[in-house]
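Structure first, commentary second.
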Amino acid sequence: VDVVELLYWRDLKTTGVVFGATLLLLLSLTICSIVSVSSYVGLALLSVTISFRIYKGILQAIQKSDEGHPFKQYLDQEVALSEDMVHKYSDMILTKLNKSIGELRRLFLVEDLVDSIKFAVLMWILTYVGALFNGLTLLILGLVGAFSCPIIYEKHQVQIDHYLALVNNQIKDVIGK
């Protein structure tokens with residue numbers, strides 16, 4: 001499933017499941033620790049699969065059928081990551097990490113004074129954001145925004161573009177003065 005299709009709610013069922021499950025996970029993390037949430041999710045999953053396995057076993061015994069293990073098709077599937085895939089993504093992450101470290105070094109060691117001052121202002125603003133919201137709240141707001149804004153923009157594009165143009169013109173006028 002493509003991320004863009006998820007964010008634009010092209011398949012309502014899939015998007016609803018992804019959005020709901022992610023939001024439920026984040027809201028759960030605001031109440032319980034990640035260890036507790038992981039344990040509860042694992043227990044819930046095990047309860048469902050064990051109950052289903054027992055149910056299918058009882059049905060097979062009553063009907064005297066020999067269907068075998070109800071999860072056989074999933075047990076037979078290969079779940080290992082390929083070495084190529086691991087190398088591809090680890091190389092990609094390493095490249096981005098090295099680029100980020102280089103940029104942070106440049107900013108903290110003041111290679112360009114203007115960029116370092118901009119970074120300092122950003123850090124200062126983030127101290128206020130951090131005082132208002134914790135990380136999980138920002139993640140929840142980001143998730144809701146990511147699933148809401150694209151579809152709202154798509155449905156009301158003309159009006160939004162009109163008001164954005166007005167704001168943009170006002171900003172240009174203020175900068176011009």
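Predicted model only: the values in this text are computed from it and were never measured.
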Sequence neighbours left out, what passes side chain to side chain contact (heavy atoms under 4.5 Å, CB included) with V79? Give chain and number order.
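Residues passing side chain to side chain contact (heavy atoms under 4.5 Å, CB included) with V79: none at all.
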
Less than 4.5 Å apart, any side-chain heavy atom of [X] and any of [Y]?
X	Y	result
E67	K72	no
F19	V144	yes
R10	T15	no
F147	V18	yes
D112	R106	yes
D2	L6	no
T137	L132	no

Single-linkage hydrophobic cluster, 4.5 Å side-chain cutoff, [X] and [Y] together:
X	Y	answer
L81	Y74	no
F119	I101	no
V17	I151	no
L122	L104	yes
V35	L29	yes

For the backbone of [Y] and the side chain of [X], can you confirm whether one donor and one acceptor N or O come within less than 3.5 Å of each other?
X	Y	value
T30	L27	yes
E5	D11	no
N169	A165	yes
T49	L45	yes

Atom [atom1] of [X] and atom [atom2] of [Y]: how far apart are they, to the nearest 0.5 Å?
X	Y	atom1	atom2	result
R105	S100	CZ	OG	12.5 Å
I58	K56	CD1	NZ	12.0 Å
L107	E111	CG	CD	9.0 Å
K64	D66	NZ	CG	13.0 Å
Y89	L94	OH	CG	16.0 Å
L143	L138	CG	CG	12.5 Å

For the residue pair W124 and Y128, categorise the inter-ring angle as parallel (less than 30°), tilted (30 to 60°) or perpendicular (more than 60°).
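Correct class here is perpendicular.
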
Nearest atoms (heavy-atom pairs only) where L7 meets A146
CD2-O, 3.3 Å

What closest approach, in Å, do Y8 and P150 show between heavy atoms, and which atom pair accounts for it?
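Closest heavy-atom pair between Y8 and P150: CE2-O, 3.4 Å.
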
Has [X] got more than 12 heavy atoms of other residues, nucleotides or ligands less than 6.0 Å from its [atom1]?
X	atom1	value
M123	CE	yes
F71	CZ	yes
E83	CD	no
I34	CD1	no

Pick from K155, Q157, H156: which one makes a side chain to side chain contact (heavy atoms under 4.5 Å, CB included) with Y153?
Q157

